[in-house]
Amino acid sequence: MLEIYNSLSRRKQAFRAPDSGPVRMYVCGITVYDYIHLGHARMLIVFDLVARYLRSRGYQLTYVRNITDVDDKIIARANQNGEPVEALTQRFIDAMHEDEDALGIARPDLEPRATVHMPQILGMIGRLVENGSAYLAGNGDVYFRVRGFAAYGQLSGRTPDEMLSAPDAAADVDPGEEKEDPLDFALWKAVKPGEPSWDSPWGPGRPGWHIECSAMSTHCLGDSFDIHGGGQDLRFPHHENEIAQSESATGARFVDVWMHNGFVRVDEEKMSKSLGNFFTVRDLLQHYDAEVIRFFVLSSHYRSPLNYTDSSLEQARNGLQAYYLALQDIPAGGRLLEHWQERFRAAMDDDFNTAEAMAVLADLRHEINRARDGGPEPLADLGYTLRTLAEPLALLQRPAEDFLRGTGGGVGGLSDAEIAAQLAEREQARADRDWARADGIRDALASKGVILEDGAAGTSWRRT
RNA sequence: GGCUGGGUGGCAGAGUGGUUAUGCACCGGCCUGCAAAGCCGAGUACGUCGGUUCGAUUCCGGCCCCAGCCUCCA
C-alpha cells in the first residue's frame, strides 16, 4: 500500500486514488528567466519519479506542471537585457526542455503557461471579486481578502495573527500597495510603465503570482484534484494562497495531498540564486553524465535536505559505475524475481523512499556479482530484475557499454579509435610478456581517464 | 520571536526498543604477470543531560547546535 507524506496533515497517509478516472497531479514548475540549477533539477526529478512510480504501480495519471512566464523577475530581466519578455521566456523554456531531456525527465502531460491562460485567470479573479473574497483597491490592484478565508494558515501551520507577529511583518506592505490588511495579497496588479499588460474588468494589468496556479490547475484538472507538489519554499505563501483562492472561488476542497521536496544545499547552506551559490544543470553536465546527477538526487529521500559538496557527484559516479559494471555482459531475457520486487516496492511505497529502494538495488547488484560464480538465482533473471526495478527511477536503462564508455562529459579525451590502437599495442606487449611496456600503456591511458581491465575474455576498457 | 524539519561511523545516507542498513572511501585476504573489477573479511556510529524500560541510537522531557519558512525563490 502506497503511503505519502501530506504536508497538510503533517503525516504519512495511505494514498487514495479517485474512484474513477486518472490520478490528477499538479506541480509548480519553473519561472523562466534563467537556466535551471541543481535545486530546480531536484524538483523536476522528484516529481518525475513520483509520476513514473505511480504509473508503474498501475495508476493512470494526468501530470500537469506549469510554466510561469510573467512575473517581476522576468520583467526585470527582460528590461535589463533590452529584450522582449516573450523572447526571454521562450529562450529559457527551450533551455529548460533541453536540460530536462538531458536529465531523462519525461515531459508532463500538460505544461500550461500563465500568459496563455488569461481567460481562466480573469475568470477566477472575477468570481472572487463577485463573492466578496477579493476587492479592487484604489490603485487598480485587486487583492485577496485573507481574513475572509477562515482556514487561512492551515498549510503553513500559522494563524494570520501569528504571521503578523513576525519581526518584519509590518514591512510586508510595499509602498504603492493599498491593502485593507497587510496579509492580503495581489490577484491582479495594475499596469506600470514598461510592463506587459492585459485588459481586464479592473483595468489593464497582469496577474499576481499565486492566481495563475489556482486558475490553471483547476482548469486542467478540475476544482478538486489528488496531488499538488512543489519545492518546500512554496508551502508559504504560494500554496497557502492557492488554497485560499481556489476554495473561495470554487467552494470545493482544492487538493487532497500536498507534497514538498526538500532543498539542495551547498556546504549546508540553501542553494539559491540570491545567495549566488548555485550550479546550473548545464555546467554540471559539462563534467558529469546526466544519469550521475539523477543518481545523486535520488540517493536521499525527497523531503530531506540534499547537501552538495565537491565530492558528491564523484561518489555518485563511482556508485553508478558499479551497477553498470555488474550489468555488463548479462545474458538477455530473464524474468522478474518477485521477492526482490517486494523489497523494492516496500521501500518505494513508504513515501517514495528512494534511499531505501536503492539499498535494495545495491543488494541486488551484489547478488549479480555473486551469481557470476554460480549462485542460486540465474544471472539473466537478476539482471532483468535490476533493470526493471530501476525503471521508475529512470536509472540503469542504457546499455552498460554506453555508460561505461561514454565521454563522461570529459572534453579533449582520447577517441575510441585511439584507445583501440593503444589496446592493440598493449596486447602485443603482453603477448611478448613485456610487462613494463604493457603497464606503461595502461598507466598512460589511465592518466587520460581510460581504465583497462584484463579479463578471461580479453581486455575491456571504460572511461572514468 | 513564531512555525517546519533535522542532528547517525572519514564522507553520503536509511532504519530500528534487544540482532550487519546500503553506497563511496579506507584496511586485510582471494583472484591477477602486476593491476582493475569482483568476491571474502575487519574497522570506525547513532548531539547532550535526565526519564520510562530487564534493555534506547530507536519512546518521553529539558538543553545545545544546524537548516528552512515567516519577503521573490524548486
Side-chain angles (χ1 to χ4, degrees), chain A residues 7 10 27-31 36-47 65 68 71-73 76 153 155-159 161-169 171-174 209 229-238 240 260-265 268-275 278 295-296 299-301 303-312 314-323 325-326 328 347 350 353-363 365-366 368-370 372-373 404 430 433-436 438-439 442-443 446 451-456 459-462:
Chain A
S7 299
R10 287 177 251 290
V27 172
C28 289
I30 305 288
T31 300
I36 63 169
H37 61 60
L38 189 54
H40 299 120
R42 185 183 196 191
M43 176 276 288
L44 297 169
I45 289 170
V46 162
F47 288 102
R65 195 187 61 218
T68 297
D71 93 328
D72 292 348
K73 290 193 167 184
L155 184 61
S156 38
R158 288 182 286 255
T159 64
D161 288 330
E162 283 169 343
M163 293 177 197
L164 276 179
S165 70
D168 307 325
D172 281 354
V173 183
D174 292 333
W209 175 37
Q232 200 107 69
D233 45 357
L234 299 185
R235 190 162 169 173
F236 187 87
H238 186 56
E240 190 73 63
H260 293 100
N261 67 277
F263 287 121
V264 174
R265 293 188 201 165
E268 299 302 342
E269 204 173 31
K270 177 181 173 180
M271 173 182 288
S272 77
K273 297 234 173 116
S274 42
L275 290 170
F278 60 91
F295 186 90
F296 167 62
S299 65
S300 77
H301 183 83
R303 282 189 285 120
S304 304
L306 178 62
N307 193 35
Y308 180 90
T309 67
D310 285 341
S311 65
S312 293
E314 300 286 335
Q315 280 196 26
R317 190 193 55 202
N318 292 343
L320 184 58
Q321 210 164 56
Y323 284 92
L325 284 169
Q328 246 182 334
D350 180 14
N353 192 338
T354 51
E356 183 76 23
M358 282 165 74
V360 175
L361 298 187
D363 287 345
R365 179 189 90 192
H366 189 225
I368 286 174
N369 287 325
R370 286 161 57 101
R372 289 185 188 280
D373 299 325
L404 296 171
R430 291 186 74 209
R433 304 186 72 77
D434 183 352
W435 306 125
D439 292 353
R442 185 172 62 198
D443 291 347
I451 305 295
L452 302 190
E453 291 177 11
D454 298 324
T459 300
S460 64
W461 63 272
R462 66 177 194 272

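All chains are named by letter (A, B, ...) in the order of the sequence lines, taking the proteins before the strands, and each is independently numbered beginning at 1.
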Donor-acceptor pair under 3.5 Å: do we get one between [X]'s side chain and the base of [N]?
| X | N | result |
| --- | --- | --- |
| A:Asp454 | B:rC34 | yes |
| A:Arg442 | B:rA35 | yes |
| A:Asp439 | B:rG33 | yes |
| A:Gln315 | B:rG23 | yes |

Touch check for [X], heavy atoms < 4.0 angstrom, all strands: base, sugar-phosphate only, or nothing?
| X | answer |
| --- | --- |
| A:Leu452 | base |
| A:Arg433 | nothing |
| A:Arg42 | nothing |
| A:Gly455 | nothing |
| A:Glu453 | base |
| A:Asp363 | sugar-phosphate |
| A:Gly39 | base |
| A:Arg317 | nothing |
| A:Asn353 | sugar-phosphate |
| A:Val264 | base |
| A:His260 | nothing |
| A:Thr31 | sugar-phosphate |

B:rA37, B:rC69, B:rA14: which one has an atom nearest the side-chain heavy atoms of A:Leu325?
->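 Minimum distance to the A:Leu325 side chain belongs to B:rA37.
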With both pairing distances under 3.5 angstrom for Watson-Crick or G-U wobble, and | for a partner in another strand, the correct string for RNA chain B is (((((((..(((.....[...)))..((((.......)))).....(((((..]....))))))))))))....
Starting from the 5' end of RNA chain B, give me the residue, A:Met358 or A:Ser299, whose nearest nucleotide shows up first.
->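 Going by which nucleotide is closer to the 5' end, it is A:Ser299.
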Of A:Ser156 and A:Ser272, the one whose closest RNA chain B nucleotide lies more 5' =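 On the 5' side of the pair lies A:Ser156.
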[X] [atom1] - [N] [atom2] separation (whole Å):
| X | N | atom1 | atom2 | result |
| --- | --- | --- | --- | --- |
| A:Glu240 | B:rC72 | CD | C1' | 18 Å |
| A:Trp435 | B:rC34 | CH2 | P | 9 Å |
| A:Arg10 | B:rG6 | CZ | P | 13 Å |
| A:His301 | B:rG15 | NE2 | P | 8 Å |

Indicate whether OP1 or OP2 belonging to [N] is found under 4.0 Å from a side-chain N or O atom of [X].
| X | N | answer |
| --- | --- | --- |
| A:Arg303 | B:rG68 | no |
| A:Lys270 | B:rC69 | yes |
| A:Trp209 | B:rC73 | yes |
| A:Ser460 | B:rA37 | no |
| A:Asn369 | B:rA37 | no |
| A:His366 | B:rU20 | no |

Any stacking of A:Phe263 on B:rG68, going by centres under 5.5 angstrom and planes within less than 30 degrees?
->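 Stacking is absent between B:rG68 and A:Phe263, given that the ring centres and planes do not meet under 5.5 Å and under 30°.
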For atom C1', what is the distance between B:rU8 and B:rC66, given to the nearest Å?
->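 It works out to 15 Å between them.
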Taking A:Ser460 for the side chain and A:Asp454 for the main chain, is one N or O donor matched with an acceptor at less than 3.5 Å?
->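 No; zero donor-acceptor contacts below 3.5 Å.
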Are the side chain of A:Arg235 and the backbone N or O of A:Ser7 linked by a donor-acceptor pair below 3.5 Å?
->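 Confirmed, A:Arg235 side chain pairs with A:Ser7 backbone.
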In chain order, what residues pass the salt bridge (Lys or Arg N to Asp or Glu O under 4.0 Å) check against A:Arg42, with sequence neighbours excluded?
->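 Per chain and number, A:Arg42 pairs via salt bridge (Lys or Arg N to Asp or Glu O under 4.0 Å) with no residue.
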